[in-house]
Amino acid sequence: MKHLFSRDDVLLLAERAESSKNIIIVTHTNPDGDAIGSVTALGKFLSNIGLTHQIWTPNRYPDYLSFLDTSSKINIYRNGKIRGDFSTEDSDLVICMDFNQLNRSDDLEPFIRESGAYKILIDHHPDPERDSFDLIFSAPSASSTCECVYNIIETLCDLKGSYRNCFDKSVADSLYVGLMTDTNNFSNSVTPETFITAARLIEKGVDKELLQHKVFGVFSEERMRLLGHVLLNKMVVIPELEAAYIVLTQEEQQQFKFREGDSEGFVNMPLNINKINISALFTESDEYVRVSLRSVNHFSVNRFSRKFFNGGGHERAAGGRLYLPIDEVGRFFEEKLKVFIETNYLTNEQDL
Ligand code: 5GP
Ligand code: MN
């Protein structure tokens, strides 16, 4: 394994955690497999070494990920109209995972910003908000935050042999789910290190077929029919821009009994069309339109999202928010895409 982070930083993290009375672990809004995988993996490892902690998500996460929360440690801050009892007042250590900008923690952001706790970031998105953290574990080359957590735990176990038994199968299960989901089942953002990590996790007892089933094989009938509906009736293909997009309204979500996570993966589908290299999914919610962007060439959806969609992410997988009526979203996307392609579409890698 290549060490992603310095041994000194890993030791510092361990020292901070060991001396902390109240550790809070936080991830981003609309948590995905890597978010839930990384917070539960770290949480379970901390419990195994005898450290108590709290885990908070800004809002609900998909039901199919709940099997990772083996000790029911995850607290959801905004669960429908109900807000949880979250406070950073007594916390001396806040660990933020799988996001690079504090505003990704949504309603939790002001609590974290104002907290006097020591703040650690563990993440794999480019350009982290450095000023907001005391210690940063940032590896944009890593497939997932879970790959970063694996690396940190392994380094720590090398340094402190007594911790090795604490890296058990349950921790490995969580990490494997993050690897699997953030790489779209090992097809994107995968490096040799990702496969080495996956292999080591399987050696720890991960049942990859079982996890594959639990994460990708437990959707409702309505979700499958919604997928059919959006591909047949909603996908707009623009060959001259090598792009396609789907707009999913609230009315359709009600019609197909939509639940968190039901549209996971939809945005990747149009990329299977020959010569379609950019894909977008727009999902209407009460407050905004959620934006999901993907590309398979050198088009930087990260920059495209930063510029037009109030968001960001990775070069080929990004997201954001639009504050527009849902029927104006398609036109907005087409317009901005044309502008962006004409001006500045290269990824950072291509600029170098
Ligand atoms: P997804 O399309 O799966 O929701 O998100 C793809 C990627 O974009 C993820 O890495 C996610 O962290 C990032 N992302 C999604 N939504 C936002 C957003 O609103 N702001 C920023 N900065 N990144 C986002
Ligand atoms: Mn991630």
Side-chain angles (χ1 to χ4, degrees), residues 4 26-42 57-62 65 96-107 109 121-129 132 137-151 174-190 194 197 215 245-246 248 260-271 278-283 285 287-296 300-323 333:
L4 290 173
V26 172
T27 190
H28 60 79
T29 189
N30 301 322
D32 55 8
D34 192 30
I36 297 301
S38 57
V39 296
T40 54
L42 183 68
T57 63
N59 63 351
R60 282 179 58 90
Y61 59 91
L65 295 171
C96 295
M97 306 189 72
D98 199 35
F99 61 86
N100 56 351
Q101 293 166 320
L102 263 186
N103 64 9
R104 295 277 291 137
S105 62
D106 225 347
D107 293 342
E109 178 188 358
L121 174 70
I122 305 176
D123 180 50
H124 69 129
H125 294 89
D127 305 324
E129 188 178 312
S132 301
F137 295 87
S138 166
S141 66
S143 64
S144 50
T145 298
C146 281
E147 193 175 319
C148 301
V149 175
Y150 171 82
N151 211 279
S174 284
L175 294 176
Y176 194 87
V177 166
L179 257 63
M180 195 169 72
T181 52
D182 251 27
T183 58
N184 188 20
N185 221 359
F186 298 99
S187 53
N188 311 326
S189 324
V190 181
T194 315
T197 305
V215 174
Y245 67 90
I246 296 165
L248 187 55
E260 279 88 8
D262 271 1
S263 60
E264 203 65 48
F266 284 13
V267 67
N268 295 310
M269 297 280 169
L271 297 174
I278 301 160
S279 172
L281 172 70
F282 300 98
T283 312
S285 75
E287 292 145 60
Y288 56 87
V289 177
R290 196 174 151 195
V291 182
S292 244
L293 298 160
R294 298 289 185 275
S295 73
V296 286
S300 170
V301 285
N302 173 29
R303 278 206 244 159
F304 187 44
S305 185
R306 281 178 187 227
K307 199 163 168 65
F308 296 115
F309 299 97
N310 310 298
H314 306 281
E315 294 305 288
R316 295 182 183 83
R321 293 175 181 195
L322 268 185
Y323 299 88
F333 172 70

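Ligands are counted one by one from 1 in listed order, and the atoms in each one are counted from 1 as well.
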- [ ] Provide the protein N, O or S atoms situated under 2.8 Å from the Mn ion (ligand 2); waters are not included.
- [x] Asp34 OD2, Asp98 OD1, His124 NE2, Asp182 OD2
Task: Identified side-chain contact (heavy atoms from CB on, under 4.5 Å) counterpart of Thr194 within the set Ser143, Ser141, Ser144 - done: Ser143
TODO: List, ordered by chain and residue number, the protein residues whose closest non-hydrogen atom lies under 4.0 Å from any atom of ligand 1.
DONE: Gln101, Arg104, His125, Arg290, Ser292, Arg294, Gly311, Gly312, Gly313, His314, Ala317, Ala318, Gly319, Gly320
- [ ] Examine distances only and state if a side-chain atom of Glu129 and a backbone atom of Leu102 form a donor-acceptor pair shorter than 3.5 Å.
- [x] yes
Task: Sidechain-backbone polar pair: Asn59 side chain, Asn30 backbone, donor-acceptor under 3.5 Å - done: yes
- [ ] Determine, for Arg104 against Asp123, whether the closest basic-nitrogen to carboxylate-oxygen distance falls under 4.0 angstrom.
- [x] no
- [ ] Could you tell me whether Asp106 and Arg321 make a salt bridge, using a distance below 4.0 angstrom between a side-chain N and a carboxylate O?
- [x] yes
Open item on the list: For a ring pair (Phe, Tyr, Trp, His ring centres under 6.0 Å) check, start with the C-alpha distance between Tyr245 and Phe266, then their side-chain angles and the critical distance, and finish with the verdict.
Closed with: CA-CA 10 Å; Tyr245 67 90; Phe266 284 13; over 10 Å; no
Task: Evaluation steps, side-chain hydrogen bond (donor to acceptor under 3.5 Å, both in side chains), between Glu147 and Thr197 - done: CA-CA 7 Å; Glu147 193 175 319; Thr197 305; 4.5 Å; no
- [ ] For the residue pair Asp32 and Thr181, establish whether any side-chain heavy-atom pair is separated by less than 4.5 Å.
- [x] no
Open item on the list: Checking side-chain polar atoms at under 3.5 Å, does His125 have a donor or acceptor matched by the opposite partner on Asn302?
Closed with: no
